[in-house]
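Throughout, residue positions are numbered sequentially from 1 according to the sequence presented. All heavy atoms count here, side chains included; hydrogens, waters and symmetry mates do not.
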Amino acid sequence: MTGHSTNSPQLSIVVPVRNERTLLPQFLQQIPSKKETELIIVDGQSTDGSWEYLNAQKQLRVISSSVGRATQQNRGAQEANGSYLLFLHVDSQLSSKAWEALYKAIHQGVAAACFRLAFDASHPLLKLAAYGSRWPHILFRGGDQGLLVRQELFHQLNGFDERYTVCEDLELIRKLQQNSELQVLPAKLTTSARRFLKHGVVQTLFHFRVIHFLHLCGVKPKYLSSYYQRWVGH
């Protein structure tokens with residue numbers, strides 16, 4: 001683990017990674033170099049050189065964790081010093097406008113917030129799916145939109161439920177919406193469409209909609225995981 005500033009940051013950015021060596025350089029370049037911001041990368045037993053690459057970077061906190069996005073993000077949150085936590089995926093890209101909206105929300109003292117979504121591919125169905133992210137309903141939410149939450153509130157809600165290997169983000173968002181208002185920021189986060197393009201846009205969108213609906217209906221984590229592994233995760 002590399003060293004980090006002793007100044008107490010206002011924002012801790014927590015990023016779970018596993019075998020994402022090719023995406024890491026581009027992701028790291030976008031992170032603002034502000035003394036009130038710390039970046040914590042939580043590696044989930046990568047075997048592609050991600051761990052070695054991350055540990056070679058200066059001014060970067062790198063933590064090893066067992067595999068699982070919920071587990072990794074909870075591990076990062078435990079190490080975070082910021083009054084706010086921002087959970088990001090490594091295939092996320094934020095524009096300067098998005099960072100401005102984020103820091104403005106923190107300055108205003110919001111309890112929790114996320115971004116509107118955009119994909120890095122121009123498929124019309126992906127554009128339609130992204131358009132829905134401007135609405136606050138949980139059916140239009142997801143971890144690929146980023147999630148900003150006060151650290152105190154995050155721990156009050158016991159963080160991410162580690163029983164979920166999929167929908168861990170939706171489960172936390174559900175609890176956030178029950179306890180506070182989740183604000184949708186007026187700026188877009190661009191995420192990778194790689195999984196949609198690999199498995200087919202129509203099929204993948206359909207299966208994600210099914211998973212979202214099953215979660216909304218209270219289906220148990222193990223069944224959500226089984227569905228995901230059968231239809232999306234292969």
*asked:* Counting C-beta onward and ignoring hydrogens, is there a side-chain heavy-atom pair between Val15 and Leu39 closer than 4.5 Å?
replied: yes
Gln156 atom CD: more than 12 heavy-atom contacts under 6.0 Å:
yes
Flag, side chain of Ser50 to backbone of Arg21, donor-acceptor distance under 3.5 Å:
yes
Interatomic distance, CG@Leu182 vs CG@Leu147, rounded to 0.5 Å, equals 6.5 Å
| query | Quick one: do the His207 and Tyr227 side chains pair a donor with an acceptor below 3.5 Å? | reply | yes
query: With side chains defined as the heavy atoms from C-beta onward, is the minimum distance between Cys114 and Leu185 less than 4.5 Å?
result: no
Check: Would a 4.5 Å heavy-atom cut-off, applied to side chains only, mark Cys167 and Ile211 as touching?
Finding: yes
*Within 45° of the six-membered ring axis of Phe154 and under 6.0 Å from that ring's centre, is NZ or CZ of Lys175 located there?*
no
Q: Spell out, as yes or no, whether a donor-acceptor pair under 3.5 Å connects the side chain of Arg150 to the backbone of Ala111.
A: no
Nearest heavy-atom approach of Leu125 to Val202 is CD1-CG2, 3.6 Å
Rounding to 0.5 Å, atoms CG (Leu157) and CZ (Arg174) come to a distance of 10.0 Å
| said: Determine whether a donor-acceptor pair (N or O, by modelled atom type, separation under 3.5 Å) exists between the side chain of Gln57 and the backbone of Tyr53. | reply: yes
Quiz item: Going by the angle between their ring planes, with limits at 30° and 60°, are Phe160 and Phe87 parallel, tilted or perpendicular?
Solution: perpendicular
**Request:** Establish, from distance only, whether the side-chain atoms of Gln10 and Ser83 form a donor-acceptor pair under 3.5 Å.
**Result:** no
Closest non-hydrogen atoms of Leu153 and Ser180, given as atom of the first, atom of the second and distance, are CD2-OG, 3.7 Å
### Message
I'd like to know whether Thr190 forms a side-chain contact (heavy atoms from CB on, under 4.5 Å) with Ser92, so could you lay out the CA-CA distance, the side-chain angles of the two residues, the decisive distance to 0.1 Å, and finally the verdict.
### Response
CA-CA 6 Å; Thr190 300; Ser92 299; over 6 Å; no
Between Phe119 and Ser192 the two heavy atoms that sit nearest each other are CD2-O, 4.2 Å
Trp51 side chain reached by Ser64 side chain, heavy atoms, under 4.5 Å: yes
Is there a side-chain contact between Ile63 and Arg75, using heavy atoms and a 4.5 Å cut-off? yes
Are Arg61 and Ile41 packed together at the side-chain level, in the sense that at least one heavy-atom pair is separated by less than 4.5 angstrom?
no
Salt bridge (Lys or Arg N to Asp or Glu O under 4.0 Å) filter on Arg134, not counting sequence neighbours, yields none
query: Side-chain donor-acceptor pair under 3.5 Å between Thr37 and Tyr103, yes or no?
result: yes
Same cluster for Tyr131 and Leu117 if Ile/Leu/Val/Met/Phe/Trp/Tyr side chains link at under 4.5 Å? no
- Item | Polar side chain donor-acceptor pair, Ser225 to Thr165, under 3.5 angstrom | yes
*Would you mind reporting whether Arg141 and Val184 have side-chain heavy atoms less than 4.5 Å apart?*
yes
Here the salt bridge (Lys or Arg N to Asp or Glu O under 4.0 Å) pairs for residues 80-102, sequence neighbours left out, are Asp91-Arg194
Output, in order, the C-alpha distance, side-chain angles, deciding distance and verdict of side-chain contact (heavy atoms from CB on, under 4.5 Å) for Ile13 and Glu38. CA-CA 6 Å; Ile13 304 171; Glu38 71 174 347; over 6 Å; no
Note: Ala80 and Ile40 closest approach over all heavy atoms is CA-CD1, 3.6 Å
Between Arg69 and Gln73, a side-chain donor and acceptor under 3.5 Å:
no
Legend entry - Hphob cluster co-occupancy, Ile173 + Leu139, side-chain heavy atoms under 4.5 angstrom: yes
Please check if the side chain of Asn19 supplies one atom and the backbone of Thr47 the other of a donor-acceptor pair under 3.5 Å.
yes
Quiz item: Yes or no on side-chain hydrogen bond (donor to acceptor under 3.5 Å, both in side chains) for Gln203 and His199, after CA distance, side-chain angles and deciding distance?
Solution: CA-CA 7 Å; Gln203 300 95 310; His199 298 300; over 6 Å; no
Between Leu148 and Leu11, does the side-chain contact (heavy atoms from CB on, under 4.5 Å) criterion hold? Intermediate values first, please. CA-CA 9 Å; Leu148 176 73; Leu11 174 65; 3.9 Å; yes
For Ala193 and Ala121 the tightest heavy-atom approach is CB-CB, 3.8 Å
Value for CG (Asp144) from CZ (Arg195), rounded to nearest 0.5 Å, stands at 9.0 Å
Item to complete: Consider only side-chain heavy atoms of I, L, V, M, F, W and Y, link residues closer than 4.5 Å, and tell whether Phe213 and Val166 are in one cluster.
Response: no
With side-chain contact (heavy atoms from CB on, under 4.5 Å) as the test, would you mind laying out the steps for Leu214 and Tyr223 before giving the verdict?
CA-CA 9 Å; Leu214 292 175; Tyr223 297 119; over 6 Å; no
### Message
Any side-chain to backbone donor/acceptor pair from Tyr164 onto Leu224? Under 3.5 Å, distance only.
### Response
no
ask   = When you measure from the side chain of Glu168 to the backbone N and O of Asp161, does any donor-acceptor pair fall under 3.5 Å?
value = no
Sequence neighbours excluded, the answer for side-chain hydrogen bond (donor to acceptor under 3.5 Å, both in side chains) partners of Ser46 is Asp43
Item to complete: Mark yes or no for whether Thr204, through its side chain, and Val201, through its backbone, hold a donor-acceptor pair below 3.5 Å.
Response: no
dist Gln183:CD -> Leu176:CG (nearest 0.5 Å) comes out at 13.0 Å
Separation between CD (Glu162) and CD (Gln72), nearest 0.5 Å, reads 10.0 Å
Query raised in the report: Hey, are the side chains of Leu102 and Phe115 touching, using non-hydrogen atoms and a 4.5 Å cut-off?
Result: yes
- [ ] Return the orientation label for the Phe140 and His137 ring planes: parallel under 30°, perpendicular over 60°, tilted otherwise.
- [x] perpendicular
Of all heavy-atom pairs linking Thr71 and Ser66, the shortest is CG2-OG, 3.4 Å
To the nearest 0.5 Å, atom CD1 of Ile106 lies from atom CD of Glu36 at 9.0 Å
**Prompt:** Counting N and O atoms only, with roles assigned by atom type, does the side chain of Gln45 sit under 3.5 Å from a partner on the main chain of Ser65, one being a donor and the other an acceptor?
**Reply:** yes
Would you call the rings of Phe196 and Phe208 parallel, tilted or perpendicular, where under 30° means parallel and over 60° means perpendicular? tilted
